[in-house]
Amino acid sequence: MERAGMKYEELYALLRRRGVLWPTAEIYGGAQGLYDYGPAGTLVKRLLEEAWAAWFVGLSDDFYRIDATDILPEAVVRASGHLENFTDPGVTCAKCGNHFRAETILEQFRPEGVDGLSPAQIGELLKQYPVRCPQCGSNEMSVPRPFNLMFGFDFGAAGGEKAYLRPETAQSSYLAFSRMWDVGRRALPLGIAVIGKAYRNEIAPRQVLFRMRAFTQAELQIFFNPAAFPLPFASVAEEQLPVLRVARRAAGEETPEPRSARSLADEGLPEFYVFFLVHMYRFFRDVLRYPADAIRLFEKSDTERAFYNRIQFDFEVKLESLGGYKELGAVHYRGDYDLSRHSAGSGKDLSVAVSGGERLLPHVLETTFGVDRNVWALADLGLVIDGERTVWRLPPYLAPSVVGVFPLMKKEHTTEARRWQARLRDSGIEAEFDSSGSIGRRYARMDELGVPYCITVDRESLGAPSLEARTVTLRDRDTKQQERVTLDALIVRLRASRVAPRPIPLNAVE
RNA sequence: GCGGUUGUGGUCUAGUGGUUAGGACGGUAGCUUCCCAAGCUACCUACCCGGGUUCGAAUCCCGGCAACCGCACCA
């Protein structure tokens with residue numbers, strides 16, 4: 001078997017055909033950057049979210065998952081910095097059509113920047129100075145228009161207030177910090193995780209799940225004392241990470257080099273930061289089962305980093321369908337940026353008491369994970385070609401269904417196969433029944449959907465004297481091997497396969 | 001957002017002014033078949049949307065929408 005290595009359009013067609021996802025409002029011609037999940041996609045996505053929560057939230061008894069609204073009042077996004085950073089005025093060249101930030105164009109004439117100026121005022125400046133297009137040299141620069149990447153709207157019936165769809169789920173965790181401090185143990189580190197939708201009005205949505213206007217993030221914000229973040233670093237120190245640091249990038253390198261966690265800490269990265277690099281790396285490699293040689297930890301430079309970050313490594317994975325490395329997650333050290341901004345914005349003191357009666361504004365370490373992008377990556381990396389068959393080698397705990405139930409012969413075995421399906425359902429195991437076409441066709445259908453097991457009722461299944469003695473054949477998706485199993489043995493096997501890996505909790509190690 | 005290319009069943013496609021819009025794969029049903037997309041039969045499903053030109057438009061023109069590629073953007 002070899003990796004299918006499907007090209008973009010082929011993979012997208014497969015996902016549409018199998019009911020994984022499709023464009024929103026497809027009958028109206030679609031809408032840029034919006035996609036809906038079908039039955040299979042909904043299940044995979046949900047299981048992926050659960051696996052993420054088991055791995056990240058399950059890391060500590062003091063990490064909690066909350067569910068928060070998508071809508072943020074204007075005061076929140078003003079304090080967070082998203083309002084100013086999301087509304088950079090843009091300028092378009094009338095000749096070559098290229099788009100630039102007004103700040104860039106006016107830089108040499110107006111070093112103090114353009115913050116706080118209205119588009120009309122910037123338009124005046126463009127006329128006032130001899131500005132030229134950096135691309136083609138033309139002097140026909142258009143009147144600027146707001147360049148807003150947040151969806152904003154009137155809030156309240158009177159329409160006097162504004163609100164925004166959250167541009168990242170992280171904000172919901174910051175808003176919850178104060179309340180969660182009281183709900184939890186009043187101790188650091190405290191983790192607050194949110195899985196939910198975030199929204200960005202992207203200029204040019206592309207590549208389906210990679211640049212969406214409404215997308216699902218799974219983010220864990222860990223609030224901690226930078227002077228004391230107890231972690232079992234020794235337990236991860238020898239892990240080798242495929243890293244591409246800024247210095248090597250500057251030398252033109254694009255491939256990562258194996259680096260031990262310890263050596264990264266020796267270079268000055270905080271141990272707590274490296275610890276979570278390892279944690280996320282293991283999630284990609286061991287839980288999602290991405291090939292280790294496709295993963296790259298890509299350090300972002302000063303100029304590339306998001307405005308709130310001090311340290312940022314993107315987790316990139318090489319995807320055949322998209323022709324290169326794509327960001328699927330990241331670990332961000334955000335310092336005390338967020339809580340200090342929200343302290344100032346809300347007027348509420350968000351510092352907490354730590355040992356010795358001292359007060360401290362906690363720092364934030366963020367792990368962020370793009371759920372939709374990873375659904376795509378699971379398909380890209382998991383699909384293999386075996387002769388005529390296309391097999392989606394999803395980990396069983398991420399598969400849309402765990403087992404298919406077939407009669408070997410439609411006429412003779414359908415009734416009994418239906419009974420097996422009902423027995424599995426009674427045990428809480430959803431089973432897909434299929435009797436159409438030949439047995440090989442049914443196996444193939446399940447293979448393409450990533451269903452890891454199929455059972456088949458045959459002549460021998462009907463012959464047994466008691467239910468306990470009754471058996472079916474159990475067929476493994478990846479090996480195509482079959483064995484005869486009883487109902488009890490089957491239930492045990494299927495249940496075990498549905499459990500996603502969990503980490504050793506930090507509290508247990510202390 | 002700019003430029004280029006493109007839009008025919010679920011998927012891949014033939015058709016370039018008048019076709020019963022053809023094929024393959026797929027799906028459904030039946031027959032057959034005791035285990036990996038077999039075979040036979042029947043059936044199912046399409047010209048992105050809106051205008052215009054024309055006796056007549058899937059085909060030509062305009063507008064819209066969407067997708068792909070390149071550029072830009074990606075906080």
Side-chain angles (χ1 to χ4, degrees), chain A residues 7-10 12-19 22-34 38 77 80-88 90-101 104 133-136 142 145 147-150 167-168 198 200-208 210-213 300 303-309 312 314 322-323 326-327 332 386-391 404 406-413 434-448 454-462 472-477 479-482 484:
Chain A
K7 290 300 171 200
Y8 171 78
E9 301 215 34
E10 189 186 359
Y12 185 29
L14 173 71
L15 295 177
R16 283 198 310 271
R17 181 160 50 84
R18 285 299 176 192
W22 54 72
T24 295
E26 204 175 1
I27 59 170
Y28 285 91
Q32 267 190 35
L34 301 179
V77 293
S80 71
H82 286 93
L83 200 53
E84 57 181 295
N85 284 285
F86 267 61
T87 52
D88 290 332
V91 177
T92 303
C93 173
K95 197 170 171 194
C96 69
N98 278 298
H99 189 84
F100 306 94
R101 291 169 51 149
T104 312
C133 172
Q135 194 72 29
C136 70
S142 77
R145 52 177 182 72
F147 185 46
N148 198 331
L149 291 185
M150 280 198 296
E168 56 172 2
R200 298 177 190 176
N201 199 1
E202 297 285 357
I203 297 168
R206 285 274 170 93
Q207 298 180 320
V208 193
F210 277 76
R211 192 89 67 80
M212 300 166 82
R213 287 185 165 142
K300 287 296 185 86
T303 51
E304 293 166 333
R305 255 180 264 140
F307 61 89
Y308 43 69
N309 281 332
Q312 174 174 353
D314 286 350
L322 299 174
K326 291 289 164 185
E327 181 199 345
H332 299 151
D386 176 25
E388 244 192 313
R389 300 192 309 151
T390 304
V391 184
F406 312 143
L408 183 58
M409 304 294 303
K410 191 173 183 176
K411 264 186 178 168
E412 280 109 88
H413 309 125
D434 190 357
S435 64
S436 75
S438 67
I439 188 77
R441 186 170 289 271
R442 294 176 218 150
Y443 285 144
R445 275 196 283 252
M446 292 295 157
D447 288 342
E448 200 173 62
C454 297
I455 61 169
T456 302
V457 169
D458 59 12
R459 191 179 292 152
E460 197 177 331
S461 307
L462 302 179
V472 290
T473 61
L474 174 67
R475 179 245 193 202
D476 182 282
R477 176 193 68 200
T479 65
K480 291 195 278 186
Q481 296 299 305
Q482 292 185 53
R484 297 206 75 88

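Numbered from 1 within each chain, the chains take letters A, B, ... in sequence-line order.
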Integer angstrom distance from the C1' of B/rU13 to that of B/rC74: 36 Å
Identity of whatever pairs with B/rU59 - Watson-Crick or G-U, under 3.5 angstrom: none
Presence of A/Gln32 side-chain N/O under 4.0 Å of B/rA67 phosphate oxygens OP1/OP2: yes
Phosphate contact (B/rC35 OP1 or OP2) by A/Thr456 side-chain N/O below 4.0 Å: no
Base-pairing mate for B/rA21 - Watson-Crick or G-U, with both contacts under 3.5 Å: none
Under 3.5 Å side-chain donor-acceptor pair for A/Tyr308 and A/Ser80: no
Rounded distance in Å - CG (A/Asn201) to C1' (B/rC73): 13 Å
P spacing across the pair B/rC68 / B/rU33, given as an integer number of angstrom: 48 Å
Between P of B/rA38 and CG of A/Leu408, the distance in whole Å: 15 Å
5'-most by nearest nucleotide on RNA chain B - A/Ala444 or A/Asp434: A/Asp434
Nearest listed nucleotide, side chain of A/Arg211, among B/rG26, B/rC74, B/rC34: B/rC74
Strand partner of B/rG1, provided both Watson-Crick or wobble distances fall under 3.5 Å: B/rC71
Who pairs with B/rU6 - Watson-Crick or G-U, where each distance is under 3.5 Å: B/rA66
Sugar-phosphate, base or nothing in reach of A/Tyr308, heavy atoms under 4.0 Å: nothing
Main-chain N/O of A/Arg211 paired to A/Arg206 side chain as donor or acceptor, under 3.5 Å: no
Strand partner of B/rC31, provided both Watson-Crick or wobble distances fall under 3.5 Å: B/rG39
Between B/rU16 and B/rU6 - P atom distance, rounded Å: 16 Å
Nearest-angstrom distance, P atom, B/rG15 to B/rC60: 13 Å
Sugar-phosphate, base or nothing in reach of A/Thr473, heavy atoms under 4.0 Å: base
Base partner of B/rA46, which must satisfy Watson-Crick or wobble distances under 3.5 Å: none
CA sep, side-chain torsions, deciding dist, call: A/Arg17, A/Glu448, salt bridge (charged side-chain N to carboxylate O under 4.0 Å, His left out): CA-CA 11 Å; A/Arg17 181 160 50 84; A/Glu448 200 173 62; 3.5 Å; yes
A/Arg441 side chain vs A/Ser436 backbone, donor-acceptor pair below 3.5 Å: no
Base-pairing assignment for B/rU53 (Watson-Crick or G-U wobble, both under 3.5 Å): none
Separation between the C1' atoms of B/rU8 and B/rC12, rounded to whole Å: 11 Å
Of A/Glu448 and A/Gly437, the one whose closest RNA chain B nucleotide lies more 5': A/Gly437
C1'-based separation of B/rU32 from B/rG9 [nearest Å]: 29 Å
Nearest-Å distance once atom C1' is located in both B/rA14 and B/rG22: 6 Å
Short side-chain N/O contact from A/Ser438 to OP1 or OP2 of B/rA38, under 4.0 Å: yes
Atom-to-atom span, CZ of A/Arg16 to C1' of B/rG9 - whole angstrom: 14 Å
Between B/rG10 and B/rG18 - C1' atom distance, rounded Å: 30 Å
